[in-house]
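For the numbers below, each heavy atom of this structure counts, side chains included, while hydrogens, waters and symmetry mates do not.
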Amino acid sequence: MAAASSTSGSPEGQDVEQPATKADEKGGKKIDAFEDEWDCTLYDICSINSWVVFFMVRGCAWDNIPFWRCMAFNTLVSVVVAVMTQLFTHYLPSVPMVGADKFAKLGTFLNVFIGLLLGFFLSS
């Protein structure tokens, strides 16, 4: 009878007040042992005053894989823009250059526009 009740999904044989697992508490993500065991009372300030600090990688931003993916993508975008700019300026010299007076007018417009936006921000 107990086997039938456990397969039917009734909570008779189960502990319904069991705490949620670590994966459920953090939005379905599994927590590694470093995050689970770290305690701020275990922080060692003495290592900050030495050269050892430059070799502490575990748990810092350099150990973050999404950070490195973002840096690789940003580097790729900047290299592509630099190469395209070089190619356009080298192989298309007949592109009309924008005059300095137009840049001065644009700078004045941007100063007024940013001042207006700052005024709206500070007044609210």
Linking directly or through intermediates, with side-chain heavy atoms under 4.5 Å: list the remaining ILVMFWY members grouped with Ile65, chain and number order.
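The other cluster members (ILVMFWY side chains, heavy atoms under 4.5 Å, direct or chained): none.
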
If I compare all heavy atoms of Trp51 with all of Phe55, which pair ends up nearest, and what's the gap?
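The answer is O-CD1, 3.6 Å.
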
Counting only pairs under 3.5 Å, give me each side-chain donor-acceptor contact of residues 110-123, with atom names and distances, residues two or more places apart or in other chains.
from	atom 1	to	atom 2	distance (Å)
Asn111	ND2	Gly107	O	3.4
Ser123	OG	Gly119	O	3.1
Ser123	OG	Phe120	O	3.0

Sequence neighbours left out, cut at 3.5 Å: what donor-acceptor pairs do the side chains of residues 73-81 make with other protein atoms?
from	atom 1	to	atom 2	distance (Å)
Asn74	ND2	Cys70	O	3.3
Thr75	OG1	Met71	O	2.8
Ser78	OG	Asn74	O	3.2
Ser78	OG	Thr75	O	2.8

